[in-house]
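For reference, the structure I am asking about is given below.
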Amino acid sequence: MGFLSQDRDEALDFAARLLLGADLADPARIKVALGDLKGDFADSINYNATLFASQCASSVFTEAAQDAERLGGIVQWNWLAGIKESDYAALGKRMLGIQKLLCQRGRLVVGATSGDGALVDALSRFLGHFPAGRSQEAGRPFTLLRPDEHLKRTFALPSNVAYVSQVCRTPETTDRLQVAQTLLSQMLATGWLWNLVRMRGGAYGVDARPDLMERLFVFSSYRDPRISASLEDYRKSLEAQALHPADPSELEKAKISYVGIELRPKGPNQDLGTFFRRKLYGYDEALRTKRRSDLISISPEEIQEGARVLAESLAACDATVVFASSARLRQEFPGCRVERLPL
C-alpha cells in the first residue's frame, strides 16, 4: 500500500485493523468479492490469454509455479466459478481460519521504500499488533511432469486467432549456460522468432524469455493465426542458433539491452516486488553480481551451446498450452481434449 509521510501512523494502524478484523465470513461481501474476481478473469482473458497460457504451462514443472497457477490462473478461475451461495458459510469459516493463520508476525515479511527516517519505528509498532506465531510449511499436494513427459492442454476461446505457449526446463540459476540462454532469449525474440512467427507467420507478438528462479524457458505468441507452425518455429529457432556460434555484434546488442533492462529505474511497487522475490528465492547480492559478471563475459560459442541444450530440453520434456476456438483446436490437435473456460 502507499501513503504520505504525514498519514503514516494512521495508515499503518488502519492496515493492521483491516488485516486482523475484516469480517471475511459476511455472505454479502463474499458474493460481491466473487462477482468482482470472476468478472476480472472474464474481462482479461482475451488480452491476457498468452500470460494465462504461459502460467498454466509453467505450473507443471515446479511447486512455486503450481501455487501461482492455483492462486491466479485457470485453476483459480474454475474454482471461483464452482462456488455456490450454499457454500458461502463454509467458505467464510475457512477464510477466517486462514486469516488467523496468516496474520502472525512469524509469517510476515515487510518491505518499504521511503525517505521517512521514522518509518522503521512505525513498522515495528505495526507488527506489534500481530500475535507472534511462527512460519510453517504448507502441506499441499503437487503433480509435476516427469523428466521425459510431454503435456498438451487446449482451452476453447471464442477468437479467430490463437494464444500459444510452450515451456521447458533450463539449467540451474547459477549455471553459465542459463545465463547464456537469458541472452539467447533476447536474440531469439528480436531475431529468429520475430522473423518466423511475427513477420512471416502474422502473429501480433512473439516472445522468448527465461524464468530464472524456476529454471524454465517460456516461448509464447500473441494473437497468432497459426498454432502448430509457430510451435515448429520455436524449435527451428533453437536448432538454427545451435548450428554455429552467435554473431558477435548481435550478442553485444543483447548484452547491452539486457543490462539496460536491469539498470532501468523502477517504481516503488517494482522495487518491492523485486525485494520479495529475491527474499523468497534466496537471490542474494553475491548471486546477482556473479550473474552480471557471467552475462558480460558470455561468448558466442556459449550462446550456441545454450541453444543446443535448450533444444534438447524442449525435445525431451515440454508443456504446451493453447487458447483458440474449439473448431481450430480440433483441427490442429485431433483427439485432444478441449477444455472449456467459465465464460
Side-chain angles (χ1 to χ4, degrees), residues 1-3 8-45 48 51-52 55-56 58-112 122-144 213-214 269 272-273 275-282 339 341-342:
M1 67 176 185
F3 51 81
R8 178 192 60 234
D9 294 335
E10 184 179 354
L12 290 173
D13 182 64
F14 171 75
R17 287 187 287 110
L18 182 64
L19 290 170
L20 290 165
D23 184 3
L24 301 180
D26 184 342
R29 293 182 181 179
I30 291 176
K31 184 175 183 177
V32 171
L34 281 173
D36 289 343
L37 289 169
K38 289 187 288 187
D40 288 344
F41 275 107
D43 292 341
S44 66
I45 186 62
N48 276 332
L51 294 178
F52 280 114
Q55 181 168 280
C56 183
S58 299
S59 69
V60 294
F61 287 98
T62 72
E63 294 180 359
Q66 199 157 111
D67 272 343
E69 171 66 8
R70 287 170 172 172
L71 292 171
I74 302 301
V75 170
Q76 174 73 187
W77 190 8
N78 282 324
W79 179 75
L80 292 170
I83 297 174
K84 304 177 181 65
E85 286 201 33
S86 58
D87 300 323
Y88 288 0
L91 178 60
K93 185 176 180 180
R94 287 180 64 191
M95 289 195 295
L96 287 173
I98 293 172
Q99 179 187 43
K100 184 176 180 180
L101 180 66
L102 293 181
C103 292
Q104 301 176 20
R105 287 199 304 278
R107 300 183 70 96
L108 296 177
V109 176
V110 178
L123 287 173
S124 296
R125 293 193 297 273
F126 166 75
L127 292 171
H129 289 283
F130 299 88
R134 60 185 179 86
S135 61
Q136 60 189 67
E137 293 294 326
R140 297 181 301 279
F142 295 96
T143 304
L144 305 178
M213 295 295 100
E214 296 304 319
N269 287 341
L272 286 177
F275 161 76
F276 279 116
R277 188 169 174 81
R278 289 177 179 169
K279 178 79 173 177
L280 289 171
Y281 283 97
E339 301 179 55
L341 299 169

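Computed from a prediction, not measured in an experiment: that's the story for all the values here. Hydrogens, waters and symmetry mates play no part in the numbers below; they use all other heavy atoms, side chains included.
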**Asked** SG of C103 to CG of L19: how many Å apart, nearest 0.5 Å?
**Response**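 Those atoms lie 5.0 Å apart.
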**Message:** Return the CG to CD distance between D13 and E10, rounded to the nearest 0.5 Å.
**Reply:**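 Result: 8.0 Å between the selected atoms.
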**Spacing of C56 atom SG and L51 atom CG [to the nearest 0.5 Å]** =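 That separation rounds to 12.5 Å.
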Between side-chain atoms of residues 124-132 and protein atoms elsewhere (two or more places apart, or another chain), which donor-acceptor pairs fall under 3.5 Å?
from	atom 1	to	atom 2	distance (Å)
S124	OG	V120	O	3.1
R125	NH2	D9	OD1	3.1

**Prompt:** Which residues satisfy the salt bridge (Lys or Arg N to Asp or Glu O under 4.0 Å) test with D40, sequence neighbours excluded?
**Reply:**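 If we apply the salt bridge (Lys or Arg N to Asp or Glu O under 4.0 Å) test to D40, skipping adjacent residues, there are no hits.
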**Asked** Shortest non-hydrogen contact from R70 to F142?
**Response**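 The pair with the smallest heavy-atom distance is NH1-CE2, 3.7 Å.
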**Asked** Is a donor on one side and an acceptor on the other found under 3.5 Å between the side chain of Q66 and the backbone of V60?
**Response**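 Not at all, since once roles are kept as given, no pair shorter than 3.5 Å links the two residues.
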**Item:** Working for side chain to side chain contact (heavy atoms under 4.5 Å, CB included), residues L80 and Q76
**Value:** CA-CA 6 Å; L80 292 170; Q76 174 73 187; 3.8 Å; yes
**Prompt:** With a cut-off of 6.0 Å (strictly less than), are more than 12 heavy atoms of other residues, nucleotides or ligands near CD of E339?
**Reply:**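 Check passes, neighbour count above 12.
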**Prompt:** If you take all heavy atoms of N78 and P342, which pair is closest and at what distance?
**Reply:**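 Closest approach of N78 to P342: OD1-CD, 3.3 Å.
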**Closest contact, heavy atoms only, L123 versus A112** =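 Reported closest heavy-atom pair: CD1-CB, 4.0 Å.
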**Message:** Going by the rule salt bridge (Lys or Arg N to Asp or Glu O under 4.0 Å), which residues pair with K31 if we only count those two or more places apart in sequence or in a different chain?
**Reply:**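 With sequence neighbours excluded, K31 shows a salt bridge (Lys or Arg N to Asp or Glu O under 4.0 Å) to E85, given in chain and number order.
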**Prompt:** For F41 and G73, which heavy atoms make the closest approach, and how far apart are they?
**Reply:**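 It is CE2-O, 3.6 Å.
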**Request:** Check the pair I83, Y88 against side chain to side chain contact (heavy atoms under 4.5 Å, CB included), reporting the backbone distance first and the verdict last.
**Result:** CA-CA 8 Å; I83 297 174; Y88 288 0; 4.0 Å; yes
**Request:** Please report the shortest heavy-atom distance between A25 and L96, naming the atom on each side.
**Result:**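 Looking at all heavy atoms of both residues, the closest pair is CB-CD1, 3.7 Å.
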**Prompt:** To the nearest 0.5 Å, what is the distance between CG (D67) and OG1 (T62)?
**Reply:**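 Answer rounded to 0.5 Å: 8.5 Å.
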**Message:** Main chain of A65, side chain of E69: is a donor-acceptor contact present, judged purely on distance under 3.5 Å?
**Reply:**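 Pair absent, no side-chain N/O of E69 close to backbone of A65.
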**Prompt:** Is a side-chain N or O of Q99 found less than 3.5 angstrom from the main chain of L24, in a donor-acceptor match?
**Reply:**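 Absent.
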**Prompt:** With distance as the sole test, does Q55 use its side chain to make a donor-acceptor pair with the main-chain N or O of F52 at under 3.5 Å?
**Reply:**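 Such a contact is absent between Q55 side chain and F52 backbone.
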**Item:** Nearest non-hydrogen partners of L102 and L108, listed with the distance
**Value:**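 That would be O-CD2, 4.0 Å.
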**Asked** Does D87 come within less than 4.0 Å of K84, counting only side-chain N to carboxylate O?
**Response**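 Here D87 does not pair with K84 in a salt bridge, since their nearest N and O are not under 4.0 Å apart.
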